[in-house]
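The structure appears right after this line, and notes come after that.
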Amino acid sequence: GAGVSQSPSNKVTEKGKDVELRCDPISGHTALYWYRQSLGQGLEFLIYFQGNSAPDKSGLPSDRFSAERTGGSVSTLTIQRTQQEDSAVYLCASSGTSGIGDTQYFGPGTRLTVL
Amino acid sequence: GQNIDQPTEMTATEGAIVQINCTYQTSGFNGLFWYQQHAGEAPTFLSYNVLDGLEEKGRFSSFLSRSKGYSYLLLKELQMKDSASYLCAVRAFNNAGNMLTFGGGTRLMVKP
């Protein structure tokens, strides 16, 4: 597609449930990033995929969070046993390479609310 | 790690000029980005600096001083639609790929 797309746009869930968030990067982009933005806060890095390399998971806040990227394209972020503090906007971004000067383009985000 | 500071809020008048500052501490600096984010929307790319100096793009300009760990975003001829949050983000060689570390954002309110 023309831009990064994410689904769902909004997700309301009950505490303790699992959720899956999807990101479809810009076609041809090899790098994919997940960020989290809590209300009124800056963006917090979660995880990074580059091509077929093992992902960098250094930003994941707990082992309840995991992500996959199948076929080097679509990515799914899974949050198990959701907690109220997981409520945030989850943003996905993609870029063409990891070279200098490359720009990340963001999707519209998924607003997650944990009741 | 990185530490990035920018003012939380600023107010300016339509037609005026506003400067949003960003200071950072990092090792392995590899570029500074400015993004604009309207409420409820995704951040959109505005500018990129990796060398010292001023980058001009229409009404928006961005300046970088690596020795001072300082950048600013300059917005000229302010319009009401410029009301948004402006995010400063730093990339470093020791970060995962192009992973950006963001400041908390500056919420700019443009008044008539």
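To find a chain, count down the sequence lines: A is the first, B the second, and so on, and within it residues start at 1.
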Please report whether the ring centroid of F45(A) lies less than 6.0 Å from that of F102(B).
no

Might you point out which heavy atoms bring A42(B) and P108(A) nearest each other, and give the distance in Å?
CB-CA, 3.8 Å

Go through it in stages, so that I can follow the logic: the residues are Y35(B) and Q104(A), the test is side-chain contact (heavy atoms from CB on, under 4.5 Å), and I'd like the CA-CA distance, side-chain angles, deciding distance and then a yes or no.
CA-CA 10 Å; Y35(B) 283 82; Q104(A) 293 181 34; 3.6 Å; yes

Using the rule that two of Ile, Leu, Val, Met, Phe, Trp, Tyr join whenever any of their side-chain heavy atoms come within less than 4.5 Å, decide whether W34(B) and F60(B) are in one cluster.
yes

One should read off an interatomic distance between E41(B) CD and L91(A) CG, to the nearest 0.5 angstrom, of 12.0 Å

Straight-line distance of T103(A) OG1 to F33(B) CZ, nearest 0.5 Å
5.0 Å

Quick check: are there more than 12 heavy atoms from other residues, nucleotides or ligands sitting under 6.0 Å from CG of L115(A)?
yes

Need one label for L43(A): side chain, backbone, both or neither, based on atoms under 4.5 Å from any heavy atom in chain B.
both

Decide whether Y105(A) and F49(A) are clustered together by the hydrophobic rule: side chain heavy atoms of Ile, Leu, Val, Met, Phe, Trp, Tyr closer than 4.5 Å, transitively.
no

Check whether more than 12 heavy atoms from other residues, nucleotides or ligands sit under 6.0 Å from atom CD of E14(A), and answer yes or no.
no

What are the two closest heavy atoms between P43(B) and F106(A), and how far apart are they?
O-CB, 3.6 Å

With a 4.5 Å cut-off on side-chain heavy atoms, are Y35(A) and L100(B) touching?
yes

Can you hop from L32(A) to I47(A) via hydrophobic side chains spaced under 4.5 Å?
yes

What part of E44(A) gets within 4.5 angstrom of chain B, counting heavy atoms only: side chain, backbone, both, or neither?
neither

Please tell me whether M10(B) and L46(B) are part of a single hydrophobic cluster in this structure, the criterion being side-chain heavy atoms less than 4.5 Å apart.
yes

Tell me whether L64(B) shares a hydrophobic cluster with Y72(B), the cluster being built from Ile, Leu, Val, Met, Phe, Trp, Tyr side chains joined at under 4.5 Å.
no

